[in-house]
Protein chains: 2
Amino acid sequence: MTPYDDLVTATRPVDKFDRRRDELAESALLTLGELGYARASLREIAGNSPFSHGVVHYYFEDKLELVIYSVRYYKARCVTRYDAVVRDSTSAEELVEAFAAKLAQTIREEAPMHRLWYDLRTQSMFEEALRDAITEIDAALEAMIWRVIDRYATLSRHASLVTSAAAYGMLDGLFQQALLAYTAGGEPVLDGLAAQVRAILPLMFRQPSA
Amino acid sequence: MTPYDDLVTATRPVDKFDRRRDELAESALLTLGELGYARASLREIAGNSPFSHGVVHYYFEDKLELVIYSVRYYKARCVTRYDAVVRDSTSAEELVEAFAAKLAQTIREEAPMHRLWYDLRTQSMFEEALRDAITEIDAALEAMIWRVIDRYATLSRHASLVTSAAAYGMLDGLFQQALLAYTAGGEPVLDGLAAQVRAILPLMFRQPSA
DNA sequence: GCCTGTGCTTGACAGTTGTCAAGAAAAGTT
DNA sequence: AACTTTTCTTGACAACTGTCAAGCACAGGC
């Protein structure tokens, strides 16, 4: 770390360090997603990476820091998952359709990551050290869902009947249920999720009298 | 086990055996609820019981069998939790009110058991050996919720707009959210849960035009 | 070409885990 | 009272865990 490095780009050395952390996080997510938090040992994690098991303590304080860093690293990317849908939809019906499809797609394509998320969120009820990070990510996910709900309200010209927390809680429940069923039963259940969302989202808004 | 024992009561020895299993399960639930599935060791479990750590393998094949037996033992009691509410309510409003209160109460009084349940359900996505038992209990919980929904439909004379699975998924999501918040923030959040349920349950039925 | 510091590997550590066998203790039978 | 069976405890086992220190490899600066 020479002085003029800092002149060129103020955060160069940190960046290099952080790039390795990201690389490790990416590898860790593979194993964590496969085995879950409790059963993913550092040796197993390192085994699925280009590095040896000792390297973790060069880049992270302990296992917990690696896990938290990893899940933050993942979730940072995916809290914008529905933003394109929100932006591009031009009618409430189109929005619901695209949103439901995207929900099913992410289960299909990233089931292990979602399993890991629910695992960590549940562990945070037993392990206080996890709580802050989980709470923060959960809030970001709630905000993500609310952008969908709010957009629906705008497009349909109907005020939402539910709070942000309630909308997130309910949709998250359906999502988790679908993930569980998908894990046991595979592909077929995803159509059910889409159908559920199509049926339920409109109920959160003032109904056209019928 | 003498022959005439079987004459007196056909299942006597089994019952005695099972009574000890229940006793062990009850102790195990204490520790499991406190530490979660992964961190609750057999020694810790036995430590919170009148027995020593070796006794587990006299009554159970392995740790998994003990855990599954324990959670089954607990859930068998509590899938009837809302039946009195269902039976005694004489109006839809009264039903919602009593149901919401009961939901909050069970978080207040049995939070560790609920944490354990969600822990095990999540672990079942990683550990196939858990899946059958979890699936079965989950179905029983869904049926429990449906009895409430169905009763509401009868009392309010409005057909339900959601399926059994959807109703369970949504309410379970809200419940889990409240449990998480309660674990971090305590008592105050429970009022929020009751309010949410009051607001949301009616949305699952055909609305009075408004 | 030597030297220094960063990056990484290796091997060991102390502690914990589920499991089980050997036998003590208790209960039941004759 | 002698003997059998059931019940339970103790102590050991191999495997596995997170952690960390010692040292190798290899870059860049002199």
Side-chain angles (χ1 to χ4, degrees), chain A residues 1-8 11-25 27-28 31-32 34-70 123 126-127 129-130, chain B residues 1-9 11-28 31-32 34-70 123 126-127 129-130:
Chain A
M1 190 198 306
T2 58
Y4 54 81
D5 260 349
D6 289 348
L7 252 173
V8 181
T11 55
R12 173 76 72 85
V14 176
D15 269 352
K16 194 177 166 196
F17 195 75
D18 279 1
R19 236 175 292 135
R20 264 283 184 279
R21 283 164 72 102
D22 289 355
E23 205 176 339
L24 270 172
S27 290
T31 309
L32 285 166
E34 205 64 43
L35 302 179
Y37 173 57
R39 293 156 36 120
S41 72
L42 293 180
R43 283 169 176 80
E44 194 87 29
I45 289 172
N48 290 341
S49 85
F51 307 101
S52 72
H53 73 271
V55 86
V56 171
H57 288 86
Y58 187 77
Y59 289 100
F60 296 95
E61 206 42 50
D62 54 12
K63 185 186 179 183
L64 209 66
E65 195 187 280
L66 168 65
V67 170
I68 291 175
Y69 186 92
S70 297
Q123 291 312 308
F126 298 103
E127 193 149 355
L130 278 168
Chain B
M1 191 196 309
T2 58
Y4 54 82
D5 260 351
D6 289 348
L7 253 173
V8 181
T9 72
T11 56
R12 172 76 72 83
V14 175
D15 269 352
K16 195 177 162 196
F17 195 76
D18 279 1
R19 236 174 294 135
R20 264 281 184 282
R21 284 165 68 104
D22 289 354
E23 205 176 339
L24 270 171
E26 213 130 9
S27 291
T31 310
L32 285 166
E34 204 63 43
L35 302 179
Y37 173 58
R39 293 157 34 122
S41 72
L42 292 181
R43 282 168 177 80
E44 194 88 27
I45 288 172
N48 291 342
S49 88
F51 307 101
S52 72
H53 74 271
V55 87
V56 172
H57 289 87
Y58 186 75
Y59 289 101
F60 296 95
E61 204 44 48
D62 54 12
K63 184 186 181 184
L64 209 65
E65 195 187 279
L66 167 65
V67 170
I68 290 174
Y69 186 91
S70 297
Q123 291 311 309
F126 298 104
E127 194 150 356
L130 279 168

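The sequence lines fix the lettering, A, B, ..., with proteins before strands; numbering per chain opens at 1.
The shortest non-hydrogen separation linking A:Phe51 to A:Glu23 is CZ-OE2, 3.9 Å. In this structure, A:Ala25 and A:Tyr69 approach most closely via the heavy-atom pair CB-CD2, 3.9 Å. Scanning all heavy atoms of the two residues, the minimum distance from B:Tyr37 to B:Val67 falls at CE1-CG2, 3.9 Å.
Rounded to whole angstrom, the span from the CG atom of A:Asp62 across to the C1' atom of D:dT19 amounts to 10 Å. Rounded to a whole Å, the CZ atom of A:Arg43 is 10 Å from the C1' atom of C:dA12. Atom NE2 of B:His57 and atom P of D:dT9 are 15 Å apart (whole Å). Atom C1' of nucleotide C:dC8 and atom CD of A:Glu23 are separated by 13 Å, given to the nearest angstrom. For the pair B:Arg20 CZ and C:dA27 P, the computed distance is 10 Å after rounding to whole Å. What separates CD of B:Glu44 from C1' of C:dG15 is a distance of 14 Å, to the nearest Å. Between the OH atom of B:Tyr59 and the P atom of C:dC20 there is a distance of 18 Å, given to the nearest Å. Across the protein-nucleic acid pair, B:Arg19 atom CZ and D:dC8 atom P stand 12 Å apart, rounded to whole Å.
Residue contacts for B:Ser52: at a heavy-atom cut-off of 4.0 Å it reaches a base atom on one of the strands shown. Heavy atoms of A:Tyr58 sit under 4.0 angstrom from at least one base atom.
Atom CG in A:Leu32 sits 10.5 Å away from atom CD in A:Glu44 (nearest 0.5 Å). With values rounded to the nearest 0.5 angstrom, B:Ser70 atom OG is found 9.5 Å from B:Arg21 atom CZ.
Side-chain atoms of B:Phe51 lie closest to D:dC8 of the nucleotides C:dT9, C:dG18, D:dC8. In the set C:dT10, D:dT17, D:dT9, the nucleotide with an atom closest to the side chain of A:His53 is C:dT10. For A:Val55, whose side chain is taken as the heavy atoms from C-beta onward, the closest listed nucleotide among D:dT19, C:dC8, C:dT19 is C:dC8.
Each of A:Ser41 and A:Gly54 was matched to the nucleotide of DNA chain D holding its nearest heavy atom; the match closer to the 5' end belongs to A:Ser41.
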